[in-house]
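Lettering of chains follows the sequences in order, A, B, ..., and the numbering in each one begins at 1.
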There are 2 protein chains.
Amino acid sequence: MSDGGPATSAAARRRMSVEELAIWRTLVDTTAELRRILGAELLRDSGLSPADYHVLLALSEAEDRRLRSSELAATIDWERSRLSHHLKRMEGRHLIRRDECPTDNRGAEVSLTDDGARMFRSATAPHARAIKKHFADALTPEQFEALAGILTALQNHLHPDPAAEDLHD
Amino acid sequence: MSDGGPATSAAARRRMSVEELAIWRTLVDTTAELRRILGAELLRDSGLSPADYHVLLALSEAEDRRLRSSELAATIDWERSRLSHHLKRMEGRHLIRRDECPTDNRGAEVSLTDDGARMFRSATAPHARAIKKHFADALTPEQFEALAGILTALQNHLHPDPAAEDLHD
DNA sequence: CGCGCATGGTTGACGTGTCAATCAAATGAT
DNA sequence: ATCATTTGATTGACACGTCAACCATGCGCG
């Protein structure tokens, strides 16, 4: 119950069925559509892109509303260059600020501006409502439970537990 | 059992739980990671981006390997401008060709070149194997069944059956 | 100290996606 | 026939993401 994947050896050599492939495609399409809808609604209602929102969320949850650039990148799992590009744009819109880091002259400290904090706060409740409306309201509690299990299985498969690394083929 | 959503009135007014929100975020993150991995593998192994693959797949399944531009857009659910931009790039790489449409002088007929067909054919089996490896192999048959149901529920919620449109609030 | 390398971060080039504007051909109403 | 409207498709401007190159600072080690 703690290994990386359930279908390890029995069906592992069989080819993927067309149903499984169809499910994969539907998964990609459906999540893409949901992201598109929610992103458009977020932008319309609050002027923030999903990427903006992600950055502001991490910053607003950080201690003193500030983070080193690389910590921010690690928190939201972005490449550093992507973050750098995006921060430049966000700085231009006065959502965040970049100052030099006192303890490391190479570093940059990213901090939330009052404008940024205000926009994030005004965006958060409508965005949660939109997620509920378009996603959560569609599923039963049983489906939520199943989905949680599916996502855990996928994550375990993508990032196998290093402790159980001895039983590979 | 044919309405647009299961949780129609009872829990509809309740706020979304933090668990539900966390599942949504995990869903977005996990599918994004899967797309990233599979996209990178596809590009590395066959020189095609996921978008290229999508276009070529639609064309190769079309009658006589050719489609009107707008039909192609409808098939893969892309905006026409997006498709136009992408077709220009693909045309530059000789994957597809655009000729004028005989029946409508405004139209463009997009057709697969031999190069494009060959690249698509060589990409298809490794790509299917990658999907199996990173996605399908992680799930049990029961999870597949559950996921199919979840996706159907989400789709029904996004696109409610017009025939049952009389019982809205 | 001085050399080499690792680290933190930025930049530029390029492919990609969206939006609004554009344009020409088709359509339809009078 | 004429003119407004719709339709098929392209374009340009811009936001975004990735990749490789870059630069400066920090750090280990002789």
Side-chain angles (χ1 to χ4, degrees), chain A residues 28-29 32-33 35-44 46-56 66-93 95-111, chain B residues 28-29 31-33 35-44 47-56 66-93 95-111:
Chain A
V28 170
D29 289 351
E33 188 172 2
R35 275 182 291 116
R36 196 176 46 71
I37 292 173
L38 290 170
E41 239 166 80
L42 178 64
L43 190 60
R44 176 169 56 71
S46 67
L48 296 175
S49 71
D52 298 333
Y53 190 86
H54 213 132
V55 169
L56 295 179
R66 54 178 54 239
L67 273 179
R68 289 288 297 274
S69 186
S70 50
E71 301 180 60
L72 178 52
T75 304
I76 63 183
D77 195 30
W78 279 18
E79 297 194 7
R80 295 226 264 47
S81 89
R82 176 185 178 184
L83 181 61
S84 183
H85 282 301
H86 203 81
L87 290 180
K88 179 159 54 175
R89 290 170 225 134
M90 292 182 74
E91 199 173 24
R93 295 190 287 146
L95 297 174
I96 56 104
R97 207 177 35 235
R98 282 190 285 190
D99 324 273
E100 5 187 300
C101 173
T103 75
D104 187 333
N105 284 337
R106 297 167 298 186
E109 267 207 341
V110 187
S111 54
Chain B
V28 171
D29 290 350
T31 52
E33 188 173 0
R35 273 181 293 115
R36 197 177 46 70
I37 292 173
L38 291 170
E41 238 166 82
L42 178 65
L43 190 61
R44 176 169 57 70
L48 295 176
S49 72
D52 298 333
Y53 190 86
H54 212 132
V55 168
L56 294 180
R66 53 180 55 238
L67 273 179
R68 289 289 298 272
S69 185
S70 50
E71 300 179 63
L72 178 52
T75 303
I76 63 184
D77 195 28
W78 280 16
E79 296 195 7
R80 290 218 264 71
S81 90
R82 176 185 178 185
L83 180 61
S84 184
H85 282 301
H86 203 82
L87 289 181
K88 179 160 52 178
R89 292 170 224 135
M90 293 182 73
E91 197 172 25
R93 296 190 287 146
L95 297 174
I96 56 103
R97 207 178 36 236
R98 283 189 284 191
D99 326 271
E100 6 187 298
C101 174
T103 74
D104 187 333
N105 285 336
R106 298 165 299 184
E109 265 206 343
V110 187
S111 54

How many Å lie between CH2 on Trp78(A) and P on dA15(D), as a whole number? 15 Å
Counting only side-chain N and O atoms of Lys88(B), is one of them less than 4.0 Å from OP1 or OP2 of dT11(D)? yes
To the closest 0.5 Å, what do you measure between CZ (Arg82(B)) and NE2 (His85(B))? 11.5 Å
Rounded to whole Å, please give me the gap between CG in Leu87(B) and P in dG8(D). 16 Å
Taking the minimum atom-to-atom distance to the side chain of Arg106(B), which one of dG26(D), dA20(C), dA25(C) wins? dA25(C)
Confirm from the modelled atom types if Ser49(A) and dC16(D) form a donor-acceptor pair under 3.5 Å, side chain to base only. no
Length of the line joining His86(B):NE2 and dG12(D):P, which is rounded to integer Å: 19 Å
Between Arg98(B) and Arg93(A), which is nearer to the 5' end of DNA chain D once each is assigned its nearest nucleotide? Arg98(B)
Could you give the CG-to-P distance, from Leu42(A) to dT18(C), as a whole number of Å? 16 Å
Check whether any side-chain N or O of Glu91(A) sits under 3.5 Å from a backbone N or O of Arg98(A) as a donor-acceptor pair, and report yes or no. yes
Which whole-number value in Å describes the distance from Leu83(B) CG to dT10(D) C1'? 11 Å
How close do Arg80(B) and Ala73(B) get, counting heavy atoms only, and between which atoms? CG-CB, 4.2 Å
Answer with yes or no whether Arg80(A) presents, from its side chain, a donor or acceptor under 3.5 Å of a partner atom in the base of dG9(C). yes
Heavy atoms under 4.0 Å, any strand shown: does Ser70(B) hit a base, just sugar-phosphate, or nothing? sugar-phosphate
For atom CD of Glu71(A) and atom C1' of dT7(C), their distance in whole Å: 14 Å
Where the side chain of Ser81(A) is defined as all heavy atoms beyond and including C-beta, which of dC19(D), dA20(C), dG17(C) is the nearest nucleotide? dC19(D)
Here's a test of your reading of the structure: between Gly107(A) and Ala40(A), which maps to the more 5' nucleotide of DNA chain C? Gly107(A)
Pair Arg89(B) + Asp52(B): basic N to acidic O under 4.0 Å: no
Nearest-nucleotide wise, let me know which of Glu79(A) and Thr103(A) is further upstream toward the 5' end of DNA chain D. Glu79(A)
Phosphate OP1/OP2 of dG26(D): any Asn105(A) side-chain N/O under 4.0 Å: yes
Using 0.5 Å steps for rounding, measure from the CG atom of Leu87(B) to the CG atom of Leu72(B). 6.0 Å
Decide yes or no, distance alone: a donor-acceptor N/O pair under 3.5 angstrom between the base of dT18(C) and the side-chain of Arg82(B). no
Determine whether any donor atom in the side chain of His85(A) lies under 3.5 Å from an acceptor atom in the base of dG9(C), or the reverse, and answer yes or no. no
Interatomic distance where CD belongs to Glu33(B) and P belongs to dG17(D) [whole Å]: 17 Å
Pick base, sugar-phosphate or nothing for Arg68(A), based on heavy-atom distances below 4.0 Å to the nucleic acid. sugar-phosphate
Mind checking the NE2-CG spacing from His54(B) to Asp29(A)? Nearest 0.5 Å is all I need. 6.0 Å
Rounded distance in Å - NE2 (His54(B)) to P (dG17(C)): 11 Å
